[in-house]
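What follows is one structure encoded as C-alpha cells, with my remarks underneath.
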Protein chains: 2
Amino acid sequence: MRVMSAADRSRHDGGAPSPPEELGPVDAVVQLSFAVQALLGEIAAQHELSITQLRLLGILRDREPGMLDLARHLKLEKSSVTGLIDRAQRRGLVERSTAPHDGRAVRVRLTPEGRRLTEQITTQANETLSGLLDALAARDRARLSALAGVVVRHHAASRGVDLATHRTRRG
Amino acid sequence: MRVMSAADRSRHDGGAPSPPEELGPVDAVVQLSFAVQALLGEIAAQHELSITQLRLLGILRDREPGMLDLARHLKLEKSSVTGLIDRAQRRGLVERSTAPHDGRAVRVRLTPEGRRLTEQITTQANETLSGLLDALAARDRARLSALAGVVVRHHAASRGVDLATHRTRRG
DNA sequence: TATTGTTATACTCTATAACTATA
DNA sequence: TATAGTTATAGAGTATAACAATA
C-alpha cells in the first residue's frame, strides 16, 4: 500500500514521491484509493468543503435524515454531526426542521442552494473521476469497475449486517 | 461514486446505508476508495494515529527528509508539517536533527520506537487489506491490482511532471 | 534577497461528558 | 428511564501571515 509501501523508495534526499513502478496486490489498490480521495478533496476544496461535507451533501440528496441517522451514515458521534450541520447551515446549504410527531427530533434537508451545489459537484466529480479512469480502455475500465463492485458489495455485506437488518423488510 | 451517488437511495427515513446493488463505472471505484480509507483509518485509530500520521510514518520508513520535503510529499503547508512533527515527536515516534551543511535545515527521522510501530502497522494494514480483496479469486485479485496499477501510474505520470523532474537526472 | 523553518492566529473536524427536552 | 439533540471542552489538523535565522 502507498502509505506504508515498499515501493516509492527512491533516494534519501526526501525528494518528491516517485511514480511507483511495481506494486504489490494491495499497494495498487491503496494507491488508487489515495488518488481518488485526493481528487475528491480537490473538488471539495474548490467549493470550500471538506470531504465530510461532500458526503453529507450526497446523503441529503435524496433523504431528510435526523441527526442520529446522519451520525450512523457518516460514522460520527452525534455531537460531531451537530457541528457539521451548524456549519453547513451557516453557509446556507442545509436547514433543520422539526419532525412531525416527535418534539425531540430534527430533520435535516438541503436548501435550494445546497441542492444546486450538490448537483454541480456531482457532475464535476463524475467528470474528474472519469478522467482518471481514462487511462484504461473501455473494456478494462468496465473490468475494473466490476471487480471493485464485487469487493465493495462483499465488504458491505460482511460489515453491514446490522444495517441490512433495517433493510430486510420492505427494502 | 459513493459520496454523491445515485445508488444507495433506499428510503426516506435516513436509515443506515444500504449495500449498493448496481454501481456506475465511477461509483464502484469511489466506493472502494472509501472502504480502503475507512479500513486504514480504523487501523490508524487503533494506534491513536491519523491517516496523515500513517502517511508520515510510511514516508519516513526509508527517508530522512526536511520539513519542506515532507510538505511536498504530504501536500501540506510547511506550517502544518511543523505541527504534525511536533505531535509525532511529543509521542516519541520521530526526532528532528540538524542537517549537516545547512544551519536552517532540519532532518526528520523515525525513532526506534517509531520504526517498530511503523513495521507493526505495515503488517497489520497488509493483512487487513488482503482480507478486503479476499472477496475475489486470486486471478481476479491480480486483475484488479493490475488495472489499479495502470490507473495509478498514469495518474502519477500526468501529475508528476514537476516531481519527475527531480528524478530525471540520476533517478 | 532567497530559503528553511517556526510562531501566532483562526477555523474545521472530531470525541467525551454533561446537559436539556421530549417520549 | 430512554431517546434526540445540544453544549462545553479539548485536541488534532489545516491554512495564512508574519517572523527568525541562515544562505
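Only a predicted model underlies this, so the values are computations on that prediction, with no experimental measurement involved. Both backbone and side-chain heavy atoms feed into the values below; hydrogens, waters and symmetry mates do not.
- The CZ atom of R72(A) sits 12 Å away from the P atom of dT3(D) (whole-angstrom rounding).
- Residue R96(A) places none of its side-chain N or O atoms closer than 4.0 Å to OP1 or OP2 of dG5(D).
- In this structure, R141(B) contributes its side chain and L136(B) its backbone to a donor-acceptor pair below 3.5 Å.
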Restricting both atoms to N or O, compile the protein contacts to nucleotides 17-22 of chain D shorter than 3.5 Å, with distance only.
residue	atom	partner	partner atom	Å
dT22(D)	O3'	G103(B)	N	3.3

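- A side-chain donor-acceptor contact under 3.5 Å links T111(B) to the backbone of L93(B).
- In this model, no donor atom of one side chain and acceptor atom of the other lie less than 3.5 Å apart for E48(A) and Q53(A).
- When the side-chain nitrogen and oxygen atoms of S50(B) are compared with OP1 and OP2 of dG13(D), one or more of them lie within a distance under 4.0 Å.
- With R109(A) contributing its side chain and E95(A) its backbone, the two residues share no donor-acceptor pair below 3.5 Å.
- Contacts of residues 80-87 of chain A with DNA chain D (heavy atom under 4.0 Å): T82(A).
- Whole-Å rounding puts the E77(A) CD to dA8(D) P distance at 19 Å.
- When rounded to the nearest whole Å, the span between CD of Q53(A) and P of dT14(C) equals 9 Å.
- Following rounding to the nearest Å, R55(A) (CZ) and dT14(C) (C1') show an atom-to-atom distance of 13 Å.
- Summarising the geometry, the separation between CG on L74(A) and P on dT14(C) is reported as 8 Å, rounded to the nearest angstrom.
- Among the nucleotides dC13(C), dG5(D), dG5(C), the one closest to any side-chain atom of T52(A) is dC13(C).
- Of the N and O atoms on the side chains of H73(B) and R63(B), at least one donor lies less than 3.5 Å from an acceptor on the other residue.
- In terms of heavy-atom proximity, A88(B) sits nearest to L56(B) at CB-CD2, 4.2 Å.
- Shortest non-hydrogen contact noted between V30(B) and L40(A) is CG1-CD1, 4.1 Å.
- Going from atom CG of L56(B) over to atom C1' of dA12(D) covers 14 Å, rounded to whole Å.
- Q124(A) and H47(A) form a side-chain donor-acceptor contact under 3.5 Å, judged by distance and modelled atom types alone.
- Whole-Å rounding puts the L70(B) CG to dT4(C) C1' distance at 13 Å.
- Nearer to the 5' terminus of DNA chain D, by closest-nucleotide assignment, is the contact made by K75(B) (compared with the other of K75(B) and H101(B)).
- For the pair I51(A) CD1 and dT12(C) P, the interatomic distance rounds to 17 Å; values are reported in whole Å.
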query: Should D86(B) and R96(B) be marked as a salt bridge (Lys or Arg N to Asp or Glu O under 4.0 Å) after you check the CA-CA gap, both sets of side-chain angles, and the distance that decides it?
result: CA-CA 9 Å; D86(B) 284 348; R96(B) 284 171 166 97; 3.0 Å; yes
